S.K.: 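The structure is given below, and queries will be raised subsequently.
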Protein chains: 2
Amino acid sequence: MEPVPMLLAMTYRAMGDQFHDRLRQIGLEPLRPAHGYVFRFLKAKRATTVDIGQHLGVTKQAAAKIVNELDEWGYVLREPHPTDKRAQYVTLTTKGRDYLKFADNLWSDLEAEMAEAIGQDTLDTIRTGLAAYLQHVHGEDQPGLRPVW
Amino acid sequence: MEPVPMLLAMTYRAMGDQFHDRLRQIGLEPLRPAHGYVFRFLKAKRATTVDIGQHLGVTKQAAAKIVNELDEWGYVLREPHPTDKRAQYVTLTTKGRDYLKFADNLWSDLEAEMAEAIGQDTLDTIRTGLAAYLQHVHGEDQPGLRPVW
DNA sequence: AGAATAAGGTCAACCTGGTTGTCTAGTAGG
DNA sequence: CCTACTAGACAACCAGGTTGACCTTATTCT
């Protein structure tokens with residue numbers, strides 16, 4: 001019997017691969033999961049590079065690299081912090097928001113296909129079950145989304 | 001609402017971190033998930049480095065590195081292939097088998113705690129649901145367990 | 001049998017996505 | 001104002017992979 005974590009990893013891979021494949025057909029930059037998490041985070045709140053690193057669970061230097069890429073590709077831009085002259089807010093451009101919208105639709109599609117394959121109720125149970133487990137382990141303050149492997 | 005893959009990744013991390021923590025308390029070498037997968041694979045069948053690479057979904061060179069480590073640490077040893085003078089079988093030592101046993105117990109403990117937290121039936125549904133999805137996506141020939149992130 | 005091709009294993013160079021460590025400029029609290 | 005801290009940039013490094021070349025042994029095809 002496969003250990004549960006193995007199933008989690010394999011399923012994650014399977015969904016991620018499909019996501020990536022379909023994305024590539026559109027011909028967008030080779031965005032990695034971390035980029036997506038940044039978009040989602042930036043949509044929710046204004047944030048600096050340090051904030052992003054914290055959220056991702058990586059060092060600020062690693063976060064800075066990611067932000068640089070996103071900047072070069074036009075998904076985000078930096079604007080001066082109103083009160084702190086050291087800091088810069090990282091904000092989504094229109095391209096960034098469009099990407100996020102597109103990605104969200106794609107995820108919805110993939111989840112819908114999953115629901116079709118294993119049943120909506122089963123999928124719901126998976127979702128709530130995993131969420132409950134995370135709640136149980138981490139309590140309120142969920143940790144970053146650091147690299148998985 | 002969190003996308004499902006995010007939940008998968010976070011849960012995988014959470015379980016993996018706990019596994020790693022408890023393992024470290026025992027003071028064993030810093031084995032990574034890939035090493036564990038190798039053990040599991042070697043227990044099931046005799047295999048060469050190339051086979052291992054295939055199973056892991058990495059190049060034979062990457063597999064060779066892993067096997068080298070495991071060899072140095074005494075978890076596996078190489079023995080000549082009976083009919084093919086090029087090839088070597090990689091086999092588990094007693095230390096390797098002991099580790100695997102220990103790890104399996106640890107995983108069981110973690111799953112038991114998970115079951116306690118979210119309910120045995122929920123956990124069962126998660127397990128069968130994910131397995132069914134993988135079956136649906138990949139059919140019979142499951143792919144390797146390549147790095148997840 | 002002999003030649004061409006494929007496969008196991010090793011070596012070496014390189015790439016990527018992270019790390020630590022150091023520095024400057026700006027902030028905040030006593 | 002002085003001290004301690006923080007945002008961000010720069011550089012060196014590391015781990016875990018990759019690609020490519022190679023040698024040796026196997027296999028296949030004529």
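Values reported hereafter were calculated over all heavy atoms of this structure, with side chains retained and with hydrogens, waters and symmetry mates removed. Just so it is clear, the model here is predicted, and its values are computed rather than measured. Order of the sequence lines sets the chain letters (A, B, ...), proteins ahead of strands, with each chain counted from 1.
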S.K.: If each of A:Lys65 and A:Tyr89 is mapped to the nucleotide of DNA chain D with the nearest heavy atom, which maps nearer the 5' terminus, i.e. the 5' end?
M.R.: A:Tyr89
S.K.: Does A:Arg32 put a side-chain nitrogen or oxygen below 4.0 Å from OP1 or OP2 of C:dG18?
M.R.: yes
S.K.: If you take atom types as modelled and just measure distance, does the side chain of B:Arg86 reach the base of C:dA7 with a donor-acceptor pair under 3.5 Å?
M.R.: yes
S.K.: On DNA chain C, check which nucleotide each of A:Asp84 and A:Thr59 is closest to and give me the residue with the more 5' one.
M.R.: A:Thr59
S.K.: What's the closest nucleotide to the B:Lys60 side chain, out of C:dA6, C:dG9, D:dG17?
M.R.: C:dG9
S.K.: Between B:Asp98 and B:Lys95, is there a salt bridge with N-O shorter than 4.0 Å?
M.R.: no
S.K.: Heavy atom of residues 45-52 of chain A under 4.0 Å from DNA chain C: which residues?
M.R.: none
S.K.: Quick one: B:Asn68 CG to C:dA12 P, roughly how many Å, whole number?
M.R.: 13 Å
S.K.: Flag yes if A:Tyr89 and A:Leu70 sit in one hydrophobic cluster, no otherwise; membership is Ile, Leu, Val, Met, Phe, Trp, Tyr, and two members link when side-chain heavy atoms are under 4.5 Å apart.
M.R.: no
S.K.: Could you tell me how far apart A:His81 (NE2) and D:dG8 (C1') are, to the nearest whole angstrom?
M.R.: 13 Å
S.K.: Starting at CD of B:Glu69 and ending at P of C:dT10, how long is that distance when rounded to a whole Å?
M.R.: 14 Å
S.K.: Output the single nucleotide from C:dG26, C:dG9, C:dG8 whose closest atom is nearest the side chain of B:Gln88.
M.R.: C:dG9
S.K.: What's the NE2-P distance between A:His35 and C:dG17, to the nearest Å?
M.R.: 8 Å
S.K.: When all nucleic acid strands are considered with a 4.0 Å heavy-atom cut-off, which category describes B:Ala87: base, sugar-phosphate, or nothing?
M.R.: sugar-phosphate
S.K.: Enter the distance from B:Leu77:CG to B:Thr91:OG1 here, rounded to the nearest 0.5 Å.
M.R.: 4.0 Å
S.K.: Going by the side-chain contact (heavy atoms from CB on, under 4.5 Å) test, name the single residue among B:Thr122, B:Thr11, B:Leu7, B:Ile126 that passes it with A:Tyr133.
M.R.: B:Thr11
S.K.: Could you pick out which residue, A:Thr83 or A:Ile66, lies toward the 5' side of DNA chain C when each is mapped onto its nearest nucleotide?
M.R.: A:Ile66
S.K.: Once you round to the nearest 0.5 Å, how far does CG of A:Asp51 lie from CG of A:Leu42?
M.R.: 9.5 Å
S.K.: Is the distance between the ring centroids of B:Tyr12 and A:Tyr12 less than 6.0 Å?
M.R.: no
S.K.: Between B:Tyr99 and B:Tyr75, how do the two ring planes meet: parallel, tilted or perpendicular, split at 30° and 60°?
M.R.: perpendicular
S.K.: Would you mind classifying the nucleic acid contact of B:Gln61 as base, sugar-phosphate or nothing, using non-hydrogen atoms under 4.0 angstrom?
M.R.: base
